[in-house]
Amino acid sequence: QVQLVESGGGLVQAGGSLRLSCTASGRALSIYHMGWFRQAPGKEREFVVVQRRNDGSTYYADSVKGRFTISRDNAKNTVYLQMNSLKFEDTAVYYCASGSTFTSLPSDFDSWGQGTQVTVSS
């Protein structure tokens with residue numbers, strides 16, 4: 001099973017940018033669909049984006065479309081989430097996840113990182 005570790009979170013002003021990283025060990029990321037999710041205090045875990053493993057096609061939540069971009073570097077076994085034009089409501093713990101199904105459902109992902117906190121000040 002793959003192990004995932006996120007990094008890159010922090011405090012940023014509204015309108016700013018952050019890039020999150022998710023580095024895998026144990027298995028190659030290239031064999032998985034990779035997703036990013038987030039969870040704000042008192043809320044359910046929310047889908048952000050998923051990237052297909054073979055052709056790199058993507059599916060974004062409407063709330064982040066046009067502002068966030070997922071990418072992966074298979075040589076580094078790392079997936080990234082570039083977040084631009086951040087808003088206060090983007091504040092959450094962000095998680096990366098791997099799975100064998102191209103889906104937006106958290107329950108369909110098999111492995112999860114520990115999460116990284118993103119705080120956007122208004």
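Keep in mind that what you see is a predicted model, and the values were worked out from it rather than measured. Each residue takes its place number in the sequence, starting with 1.
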Review point. Can V12 and T119 be said to form a side chain to side chain contact (heavy atoms under 4.5 Å, CB included), step by step?
Key: CA-CA 6 Å; V12 63; T119 302; over 6 Å; no
Point to revise | Common cluster, I31/M34, ILVMFWY with side-chain heavy-atom separation under 4.5 Å | key: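 Yes; tracing contacts between hydrophobic side chains, which count when under 4.5 Å, links both residues.
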Review point. Is the distance between the ring centroids of Y32 and F109 less than 6.0 Å?
Key: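 Between Y32 and F109, the centre distance exceeds or equals 6.0 Å.
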Check your understanding: When clusters are formed by joining ILVMFWY residues with side-chain heavy atoms under 4.5 Å apart, either directly or through shared neighbours, do V48 and Y95 land in the same one?
Key ->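 No, separate clusters.
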Review point. Nearest heavy-atom pair of S63 and R38: which atoms, and what distance?
Key: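 Heavy-atom minimum between the residues: OG-NH2, 3.5 Å.
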Check your understanding: Quick one: do L4 and V49 end up in the same hydrophobic cluster if we chain Ile, Leu, Val, Met, Phe, Trp and Tyr together by side-chain heavy atoms under 4.5 Å apart?
Key ->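 As far as the 4.5 Å side-chain criterion goes, V49 and L4 are connected within one cluster.
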Point to revise | Whether N77 side chain and A24 backbone form a donor-acceptor pair below 3.5 Å | key: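 Looks like yes, one N/O pair under 3.5 Å.
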Check your understanding: What are the two closest non-hydrogen atoms of S17 and Q82, and how far apart are they?
Key ->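 Heavy atoms only, the tightest pair is CB-NE2, 3.9 Å.
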Check your understanding: A40 and A92: which non-hydrogen atoms are nearest, and at how many Å?
Key ->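 It is N-CB, 3.9 Å.
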Practice item. Using distance alone, with no hydrogens and no angle criterion, decide if R27 and Q1 have a side-chain donor and acceptor under 3.5 Å apart. Key: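 There is no such pair between these side chains.
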Practice item. Check whether any side-chain heavy atom of Q114 sits under 4.5 Å from a side-chain heavy atom of E6, and report yes or no. Key: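 With C-beta onward as the side chain, the pair touches.
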Exercise for review: State which residue, out of F68, W36, Y59, fulfils the ring-ring contact (aromatic ring centres under 6.0 Å, His included) condition with F47.
Suggested key: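 Running ring-ring contact (aromatic ring centres under 6.0 Å, His included) over F68, W36, Y59 with F47 returns exactly one hit, Y59.
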Exercise for review: Can you measure from CH2 (W112) to CG (D110) and round to the nearest 0.5 angstrom?
Suggested key: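 One finds 10.0 Å between CH2 of W112 and CG of D110.
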**Study point:** No-hydrogen, no-angle side-chain donor-acceptor test under 3.5 Å, S57 and R52
**Key:**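 Distance-only check passes for S57 and R52.
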**Study point:** Flag, side chain of T103 to backbone of L105, donor-acceptor distance under 3.5 Å
**Key:**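 A pair under 3.5 Å: yes.
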Check your understanding: Taking all non-hydrogen atoms of both residues, which atom of S121 and which atom of Q13 are closest, and how far apart?
Key ->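 Taking S121 first and Q13 second, the nearest heavy atoms are OG-CA, 3.5 Å.
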Point to revise | Taking every non-hydrogen atom, the tightest pair across V50 and F102 | key: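 Shortest heavy-atom contact: CG1-CE1, 3.6 Å.
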Exercise for review: Please examine the side chains of R72 and Y80, heavy atoms only from C-beta on, and report whether any two atoms are closer than 4.5 Å.
Suggested key: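 With C-beta onward as the side chain, the pair stays apart.
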**Study point:** Criterion side chain to side chain contact (heavy atoms under 4.5 Å, CB included) on S21 and K76, from CA distance to verdict
**Key:** CA-CA 11 Å; S21 300; K76 294 183 179 180; over 6 Å; no
Check your understanding: Where the side chain of H33 meets the backbone of G99, is there a donor-acceptor pair that is under 3.5 Å apart?
Key ->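 Such a contact is absent between H33 side chain and G99 backbone.
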Check your understanding: Quick check: are there more than 12 heavy atoms from other residues, nucleotides or ligands sitting under 6.0 Å from NZ of K65?
Key ->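 Counting neighbours around NZ of K65, more than 12 heavy atoms of other residues, nucleotides or ligands fall under 6.0 Å, so yes.
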Exercise for review: Indicate yes or no for a side-chain donor-acceptor contact from T91 to the backbone of V120 under 3.5 Å, with no hydrogens or angles considered.
Suggested key: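 Indeed, once roles are kept as given, a pair shorter than 3.5 Å links the two residues.
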**Study point:** Lys NZ or Arg CZ of R45 over F37 ring: under 6.0 Å, within 45°
**Key:**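 Judged by the rule, R45 and F37 form no cation-pi pair.
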Check your understanding: To the nearest 0.5 Å, what is the distance between CD (E46) and OG (S104)?
Key ->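 It comes to 11.0 Å.
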Point to revise | T78 and T23 side chains, donor-acceptor separation under 3.5 Å | key: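 Yes, a side-chain donor-acceptor pair sits under 3.5 Å.
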Practice item. Taking all heavy atoms of V2 and all of S111, pick out the closest pair and write down the distance. Key: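 Minimum heavy-atom contact is O-OG, 3.4 Å.
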Check your understanding: Given the rule in the side chain to side chain contact (heavy atoms under 4.5 Å, CB included) test, do M83 and Y94 qualify, once you have shown the distances and angles that lead to the verdict?
Key -> CA-CA 11 Å; M83 305 185 296; Y94 283 72; 3.8 Å; yes
Check your understanding: Between R67 (side chain) and S85 (backbone), is there a donor-acceptor pair under 3.5 Å?
Key ->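 Side chain of R67 to backbone of S85: a pair is present.
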Point to revise | Non-hydrogen side-chain atoms of D90 and V118 separated by less than 4.5 Å | key: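 The answer is no; the side chains never approach within 4.5 Å.
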Practice item. Using a 4.5 Å cut-off on heavy atoms from C-beta on, say whether the side chain of T69 contacts that of L81. Key: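 Counting from C-beta outward, L81 and T69 never come under 4.5 Å.
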